[in-house]
Engineer: 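Got a structure for you, written out below as structure tokens; questions coming shortly.
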Number of protein chains: 2
Amino acid sequence: METITVYDIAREANVSVATVSRVLNDTAPVRESTRQKIMAIIEKHKFQPNALARSLVNKKTGMIGVLFPDSSNMFFPEVFGGAELAAQKLGYTLFLCNTFSDYSRESEYLNLLCERQVDGLILMGGRINARHCPASLVQEVVDIQRKIPIVMINGTLPGYSFHRVKTDEYLGTKLIVQHLIDRGHRHIGFLGGSAATTTTVEKLQAYQRTLEANHLTYRKEWVHFGSFSKSCGQQLMETFLAMSNRPTAILCINDYVAIGAMKTALSRGIRIPEDIAIAGFDDTQLASAMNPELTTVSQQSEQLGRQAMLNLSKLIQKEKVKKVTVLAPNLMIRQST
Amino acid sequence: METITVYDIAREANVSVATVSRVLNDTAPVRESTRQKIMAIIEKHKFQPNALARSLVNKKTGMIGVLFPDSSNMFFPEVFGGAELAAQKLGYTLFLCNTFSDYSRESEYLNLLCERQVDGLILMGGRINARHCPASLVQEVVDIQRKIPIVMINGTLPGYSFHRVKTDEYLGTKLIVQHLIDRGHRHIGFLGGSAATTTTVEKLQAYQRTLEANHLTYRKEWVHFGSFSKSCGQQLMETFLAMSNRPTAILCINDYVAIGAMKTALSRGIRIPEDIAIAGFDDTQLASAMNPELTTVSQQSEQLGRQAMLNLSKLIQKEKVKKVTVLAPNLMIRQST
DNA sequence: TTGTAAGCGTTATCAG
DNA sequence: CTGATAACGCTTACAA
């Protein structure tokens, strides 16, 4: 398959490559008749300019690298779905990279994306949510940022200031704990999340302080960490149920954990919300699919992605952008509480 | 930010760019001492070769374009999750494009990916599932295939032979209908899916024939088309419930429709599976998250993606590959039937 | 309005 | 083992 180039088009049209390039990019006036002629030849051969060559000289690729930790958690597809829509309008394409929360995979992808000359980077999960991120991993990102604009979603890195977009998870947690309290609950547990993760800590603090503000005592035995998966919720719920003095309501770190918790409870014949109330976080599509429907906090996932893309785009055009954009969380009261 | 190139490295090391390139690619012997020296300088400047320039001469980018119709249907993230894992091992990166099932968006992306010189293409949804695909859209793909290897997942285009990977949806449907019959159901409905889609037709046929094979009569009024969403399931279920003579079991086109159907039924106080049995298709994570858990058919989504990537890779290396790879569906019997 | 030619940052061929 | 130098396919001054 001999590839066809601007030279081929130029030759056939009896013009120079410069002229072909001009009609391709509409970058300078070209006599209408020759434009027509060139266009016809392009059509005829279905000629497509090589974007690599083009980007090489333009020094921009129109590609945005997106790092996310886990495509099996619907939250992330929702976020980059929003980002993609925005990107499309702005003329960018997303380069999605699933890091599986693995630092070394993150580094590889970061490297790959830089070599591929992406115009910008959106970072989610992994190191930017680590409570104790190794300095070398921080440095890596800092170095990249000197060449490529970066926007972080729901996370950051210590010691430097980055552009970020986030939902107010602290407020979101506060809202939902208060909701449980308003529903009459005095014994509220906290389930799931890795203690090595900043979001877990942030939510935990909000949980603690909201209890205090309501003169409720914080009980260590009602707080159990783990991971962010359904199976974590299932397991940890077992331990709750085994307790003689168990909480009447449980706040889970996210929807997946909440669903796991629900499953275990339900399988024991425990009613939700009558016997125990369960709340999630993120408002993924699972929340409204469940039965009973899950009370949760919406992070406005599409908005998050959209906003990140918008800010990144401005950053690329070297416009001023607020360092931190905070979105308001939305309490979604449904049946599980 | 002046970018640093092989020339800079070469100058600082007192060698030619050729030598730098050699150590970069390990493509020819280089004296150990000079290799060391060059490596050191590369490290020092954190030099990263420009992949665009590289690809321009190599004529390969290591990128695989992936078209899929809908990131909000977990089935697709599952498929490309599997593909990504395989791609990583093979040294490829995926370029994921959400087409929202929109033909023109598909065309745009197809164009984009070609210009970006992807090494191969994986196609899902959209036109390759259309019962009546406009000839021009078929031609588009045919033209591309002459330059770029393509693998289609669960679909094809009329009039040409393409490489494809699919699960046997016919068999899958047969299995689940038979399962319902074996459970004692004689009145089985069929819910959801666009009649303009090949998979819908294929499943419908399997449904019909399996009924016949069991001497059950096919009733038009028990078949309702729509879309592939939860809300479709909710709406169509309403119409079923309004019928005086309604089926005792319902096969839904996919898990989302099934969940919608379940929700409507449950909200009416109808018990599942006692009053009505409901089955889905795809075995997305939703199926096992639900309560009651949804009986469904696994398409082995990750496998699908993995296999497509594997076949595509061989195609790219110009190795022989079976035209059609068929994966076996798995009946997942759970609580909803 | 159009053409010439110099890049863009690599790799690869061919001498040395 | 190493160095010139010509591609790769396109854009963009600079001239004409």
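Chain A is the first sequence line, chain B the second, and so forth, proteins listed ahead of strands; every chain is numbered from 1. Every heavy atom of this structure was used, including side-chain atoms; hydrogens, water molecules and symmetry mates were not.
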Engineer: So which pairs with a foot in residues 122-162 of chain B pass ring pair (Phe, Tyr, Trp, His ring centres under 6.0 Å), sequence neighbours left out?
Structural biologist: none
Engineer: Taking the minimum atom-to-atom distance to the side chain of B:Thr19, which one of C:dG3, D:dT2, C:dT11 wins?
Structural biologist: D:dT2
Engineer: C:dT10 P sits how many Å from A:Arg54 CZ, rounded?
Structural biologist: 21 Å
Engineer: Would one find a side-chain N or O of B:Thr5 under 4.0 angstrom from OP1 or OP2 of C:dG9?
Structural biologist: no
Engineer: Each nucleotide N or O in nucleotides 13-16 of chain D that has a protein N or O under 3.5 Å away: list the pair and distance.
Structural biologist:
none

Engineer: Could you state the CG-C1' distance from A:Asn58 to C:dG7, rounded to the nearest angstrom?
Structural biologist: 13 Å
Engineer: A:Lys59 has a side chain; which of D:dC10, D:dC1, C:dG9 sits nearest to it?
Structural biologist: C:dG9
Engineer: Taking side chain to side chain donor-acceptor pair (under 3.5 Å) as the test, write out the residues that go with B:Ser313, two or more places apart.
Structural biologist: none
Engineer: Look only at the side chain of A:Asp119 and the backbone of A:Gly62, and say whether a donor-acceptor pair between them is shorter than 3.5 Å.
Structural biologist: yes
Engineer: Please collect all ring pair (Phe, Tyr, Trp, His ring centres under 6.0 Å) contacts where either partner lies in residues 76-95 of chain B, sequence neighbours excluded, each pair once.
Structural biologist: A:Phe95-B:Phe95, B:Phe68-B:Phe80
Engineer: How would you list, by chain and number, every residue that makes a salt bridge (charged side-chain N to carboxylate O under 4.0 Å, His left out) with B:Glu12, sequence neighbours excluded?
Structural biologist: B:Lys44
Engineer: Taking atom types as modelled, find out whether B:Thr325 and B:Asn311 have a side-chain donor-acceptor pair closer than 3.5 angstrom.
Structural biologist: yes
Engineer: List in chain and number order the residues that pass salt bridge (charged side-chain N to carboxylate O under 4.0 Å, His left out) with B:Lys59, two or more places apart in sequence or in another chain; answer none if no residue qualifies.
Structural biologist: none
Engineer: Just to verify, what does B:Lys46 make a salt bridge (charged side-chain N to carboxylate O under 4.0 Å, His left out) with, not counting sequence neighbours?
Structural biologist: A:Asp143
Engineer: Would you kindly give the NZ-to-P distance between A:Lys147 and C:dG9, to the nearest whole Å?
Structural biologist: 11 Å
Engineer: Would you give me the side-chain donor-acceptor pairs under 3.5 Å for residues 120-127 of chain A, sequence neighbours excluded?
Structural biologist:
| residue | atom | partner | partner atom | Å |
| --- | --- | --- | --- | --- |
| A:Arg127 | NE | A:Glu106 | OE1 | 2.5 |
| A:Arg127 | NH1 | A:Leu137 | O | 3.0 |
| A:Arg127 | NH1 | A:Glu140 | OE1 | 2.6 |
| A:Arg127 | NH2 | A:Tyr103 | O | 3.4 |
| A:Arg127 | NH2 | A:Glu106 | OE1 | 3.3 |
| A:Arg127 | NH2 | A:Ser107 | OG | 3.0 |
| A:Arg127 | NH2 | A:Glu140 | OE1 | 3.2 |

Engineer: Quick test of your reading: applying ring pair (Phe, Tyr, Trp, His ring centres under 6.0 Å), list the pairs with at least one residue in residues 7-56 of chain A, sequence neighbours left out, ordered by first then second residue.
Structural biologist: none
Engineer: Starting from P on D:dT11, measure out to CG on A:Leu52 and report it in whole angstrom.
Structural biologist: 12 Å
Engineer: Find the distance A:Tyr7:OH to D:dT11:P and express it as a whole number of Å.
Structural biologist: 11 Å
Engineer: Ignoring the backbone of A:Val57, work out which of C:dA12, C:dT10, C:dG7 is nearest its side chain.
Structural biologist: C:dG7
Engineer: Within less than 4.0 Å of OP1 or OP2 of D:dG3, is there a side-chain N or O belonging to B:Ser16?
Structural biologist: yes
Engineer: Below 4.5 Å, heavy atoms only, C-beta onward: do B:Ile9 and B:Ile4 meet side chain to side chain?
Structural biologist: yes
Engineer: So which nucleotide from D:dT11, D:dG9, C:dT10 ends up closest to the side chain of A:Leu24?
Structural biologist: D:dT11
Engineer: When you measure from the side chain of B:Val15, which nucleotide among D:dG3, D:dT12, C:dT2 comes out closest?
Structural biologist: D:dG3
Engineer: Measure CG/B:Leu56 against C1'/D:dA7 and give the value in whole Å, please.
Structural biologist: 9 Å
Engineer: Nearest whole Å is fine: how far is C:dT2 C1' from A:Arg31 CZ?
Structural biologist: 9 Å
Engineer: Please determine, for the side chain of A:Val17, which listed nucleotide (D:dT11, C:dG3, D:dT2) has the closest atom?
Structural biologist: D:dT11
Engineer: Could you check B:Asn14 against A:Thr27 and say which one's nearest nucleotide on DNA chain D is further toward the 5' end?
Structural biologist: B:Asn14
Engineer: Strictly below 4.0 Å, heavy-atom distances to any atom of DNA chain C: list the hits from residues 33-49 of chain A, or just say none.
Structural biologist: A:Thr34
Engineer: What residues form a salt bridge (charged side-chain N to carboxylate O under 4.0 Å, His left out) with B:Arg35, not counting sequence neighbours?
Structural biologist: B:Asp26, B:Glu32
Engineer: So for the helix from C:dT1-D:dA16 to C:dG16-D:dC1, with five pairs setting each end axis, what is the inter-axis angle to 10°?
Structural biologist: 40°
Engineer: In whole Å, what is the span from the CG atom of A:Asn50 to the P atom of C:dG9?
Structural biologist: 16 Å
